[in-house]
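The block underneath contains the structure these notes are about, expressed in structure tokens.
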2 protein chains.
Amino acid sequence: MDDTENGAGKPRGPKPKIATMEELSSAIGVSRPTLSRYFQDPSSVRSSTVARIREGLDRVEYVPNFFATRMNRKSTGMIGVIIPYLNDLFFTRLLESIEIAAMEAGFTVITQCSHSDPAIEARAAETFMSMSVDGALVAPLGNQSDFEIHERLNARLPFVLFDSRPSTMPGVDFVGTDHTQSTGNIVEYLCRVGDPPVFLAMPRVNFNAVEREVAYVAKMEELGHDPLIVGTEAVRPDWHFEPHGFAILDHFFSRGQFADRSILCVNDRVAIGALQAAATHGLDPGRARRGGLRIAGHDDYPLCPHTIPALTTVAQDVEAIGRAAVARLVKKIRAENKPDDQLVTLFDGVLKVRESA
Amino acid sequence: MDDTENGAGKPRGPKPKIATMEELSSAIGVSRPTLSRYFQDPSSVRSSTVARIREGLDRVEYVPNFFATRMNRKSTGMIGVIIPYLNDLFFTRLLESIEIAAMEAGFTVITQCSHSDPAIEARAAETFMSMSVDGALVAPLGNQSDFEIHERLNARLPFVLFDSRPSTMPGVDFVGTDHTQSTGNIVEYLCRVGDPPVFLAMPRVNFNAVEREVAYVAKMEELGHDPLIVGTEAVRPDWHFEPHGFAILDHFFSRGQFADRSILCVNDRVAIGALQAAATHGLDPGRARRGGLRIAGHDDYPLCPHTIPALTTVAQDVEAIGRAAVARLVKKIRAENKPDDQLVTLFDGVLKVRESA
DNA sequence: AGGTGCGATTTACGCACGTAAAAGTAATGC
DNA sequence: GCATTACTTTTACGTGCGTAAATCGCACCT
């Protein structure tokens, strides 16, 4: 009562902190159940009461307890996202589009990163189950993932895989790129504009890597060319793609090989290493379209327009994948026990012709 | 009782799902409080009972309800992390080191990304408060952040800023790079090995950008050179750094300027754009150390070793920053109401001399 | 004035678990 | 064989809020 500042003016100091709805109710003279209803749907409360509540909330610092609110609701309003690796702009873009789509759908996303470790991936899945997220979006690690964990998630809650699809989990919703189309697309382009490409692969840490290899071979044979794949046997099967691309091509260039070939890299990060190897050997990929060295990638990594020379590649439609994955998951969340029509959504890759090929 | 498979063998099908500890207790014949104690500290339960519980848990599918457990504990075991932007490998590396350090300290981290939007940043802070995380680690957006939200967080729970420090929040713990040292370091190097550098800046979206500008000017004057800053007036103050670097230098190169200068870019992504501009104009940065074009950056972006030419830069000690930020936060969490000795922890940048300068 | 109907309040219970106190049981020592 | 000790179980209450049912207050209408 001795606070002389509590007129109509804005309160100066920190507002009084209120911990529970109970206190809030006695602080602004509205019953607790009414407050509860107000927070869930202000329109279910008489407008004069809404005004009183708003005014009261303005005078104090109160944040509802998330745990307590969600424990009694059927839905937590959260979706869990697992990605395998953070230090890759491809995944960050994917994650960004997922977060935005989820936000628009009214969900809070909890992201966990596997950091290339199946144990961490498993822990993340447990966290999601124990927090009873409404659904989970998972980009698996690769063939080292612990699929039992994915199965448990899938059995327990709405579940959609994205980006990379394990052959060991049929019958699960998936959203990703049609690598047969995308890789076929750029192989066809390379063949049309110049010589048939060599495929610079990577260690098969990833199902997509294999899918692209297979797609490359198929398209080459369809066009009547002999496929040639290099780079599958690397020193270490990790995520250091650029050094891998560099090492493989440096090896060949040093022996005078491949200096006038077309080279299709399994992804853009490998291609960046490839460009570096070319520069090291004084080569200028893309200068002579036909008959000269050309280098192309896959994914449309954000840096592609700024490499030297700018990298020709196929873009994955990251935004569409993110949006579709969220849309599918939200649909499953709302449907609950509908007949399980599995849905595989694949997006086409679109060609980005730049300077390098 | 008609399940013929329940011998000693591994159960084949999906295990029976158990939702609550109550059911669990009656399923394996151990009282619920005992189970509760088991989950918190198995050593507080007799070993023969532990064995019975373990055996029982092996036969069913049970995950404790996170909300219910945390609601009654003083601590949630979670720390909230806010980063301003995802599509930047600098932040992903920082985040990675934070996640690992937090994991080692026994905390679960909840990451929220501001996506360059102060409103989203504010929402993330609210989420943290409502989930009563044990502490928050925040890398602010820049001068467009809503600092009132940060103040509220800081007043409510253990709070540490990292990476970027608003001048408007004195008295708050901070962990980051000593930009005076790091920028001074590379300015000194550039001057020693060649001509004094021009500073290619960026729109001041970020406090670090300003700090580096100031540090550049100071070091130049200390060495008796005239500072020259370009690029502060950009088309749009967003996170498209590479195009910015390209545009500014393309502008100058087109008029025959700067082609034989040393150019220090405010960060590596701007430098990547700068390298591209150089290549476009047939320039080869770093070839002639003294008297020729040189380009250097700041941060040691993961791609620096793979640019053409490889980029000379100063590395921020991302791992140390992440670890220190977590360590400081954990200390504040454990200390609670200790005397508030503010702590500003700054790490030195270390020179990475490569080819471009 | 009395009846009607809507919104608000009161009351009471539930969620899944933590936790403290009291009472029970088993293992150990002499 | 009995007391001591250690662990368990039982019982009961608390956490902050959702939610349903019953009660209450108020403006409106005839």
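We name chains A, B, ... by the order of the sequence lines, and we start the count at 1 in each one. Given the structure is predicted, the values throughout are model-derived calculations rather than measurements.
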How far does OG of B:S132 sit from CE of B:M71, to the nearest 0.5 angstrom?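 Reported to 0.5 Å precision, the distance equals 10.5 Å.
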Approximate separation, where rounding is to 0.5 Å, of A:R123 CZ and A:F128 CZ: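 Here the rounded value is 11.0 Å.
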Heavy-atom neighbours of B:E61 CD exceed 12 at 6.0 Å: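 It does: B:E61 CD has more than 12 such atoms within range.
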Checklist entry - Of the residues in residues 60-68 of chain B, which ones touch DNA chain C at a heavy-atom distance under 4.0 Å? => result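 Nucleic-acid contacts, sorted: B:Y62, B:P64, B:N65, B:A68.
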For DNA chain C, which residues in residues 20-35 of chain A have a heavy atom at a distance below 4.0 Å?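 Close to the strand are A:V30, A:S31, A:R32, A:P33, A:T34.
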Between [N] ([atom2]) and [X] ([atom1]): distance, integer Å:
X	N	atom1	atom2	value
A:D41	D:dG18	CG	C1'	14 Å
B:N72	C:dT19	CG	P	7 Å
B:Y38	C:dG18	OH	P	14 Å
A:M71	C:dC13	CE	C1'	13 Å
B:F39	C:dT19	CZ	C1'	17 Å

Open item on the list: Would A:R70 and B:F67 count as a cation-pi pair here, with the cationic atom under 6.0 angstrom from the ring centre and within 45° of the axis?
Closed with: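 So A:R70 doesn't make the cation-pi contact.
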Contact summary for [X] and [Y], nearest pair of heavy atoms:
X	Y	result
A:L35	A:I28	CD2-CD1, 4.1 Å
A:S114	A:I82	OG-CG2, 3.5 Å
B:M21	B:R32	CE-O, 3.1 Å
A:I149	A:A125	CG2-CB, 3.4 Å

task = Indicate whether the side chain of B:T92 and that of B:E96 have a donor and an acceptor atom separated by less than 3.5 Å.
result =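 No, no side-chain donor-acceptor contact under 3.5 Å.
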Can you see whether B:E22 engages B:S26 through a side-chain donor-acceptor pair at a distance of less than 3.5 angstrom?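 Looking only at side-chain atoms, B:S26 and B:E22 do not form any donor-acceptor pair under 3.5 Å.
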* Which of residues 44-55 of chain B sit near DNA chain D, with a heavy atom under 4.0 Å from it? ->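 Here the set is B:S44, B:V45, B:R46, B:T49.
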* To do: Report the nucleotide, chosen from D:dG18, D:dT9, C:dA8, that has the shortest atom-to-atom distance to any side-chain atom of A:R37.
  =>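 So the side chain of A:R37 is nearest to C:dA8.
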| So which of B:L24, B:L57, B:V63 actually passes side-chain contact (heavy atoms from CB on, under 4.5 Å) with B:I18? |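 Option passing the side-chain contact (heavy atoms from CB on, under 4.5 Å) with B:I18: B:L24.
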Do the side-chain N or O atoms of B:K74 get closer than 4.0 angstrom to the phosphate oxygens (OP1, OP2) of D:dG14?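 For D:dG14, neither OP1 nor OP2 has a side-chain N or O of B:K74 closer than 4.0 Å.
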Q | N or O in side chain of B:Q40 less than 4.0 angstrom from C:dT19 OP1/OP2 | A |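 Yes, B:Q40 has a side-chain N/O under 4.0 Å of OP1/OP2 on C:dT19.
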Name the nucleic acid region contacted by A:T69, choosing base, sugar-phosphate or nothing; use a 4.0 angstrom heavy-atom cut-off, strictly under.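 Touches sugar-phosphate only.
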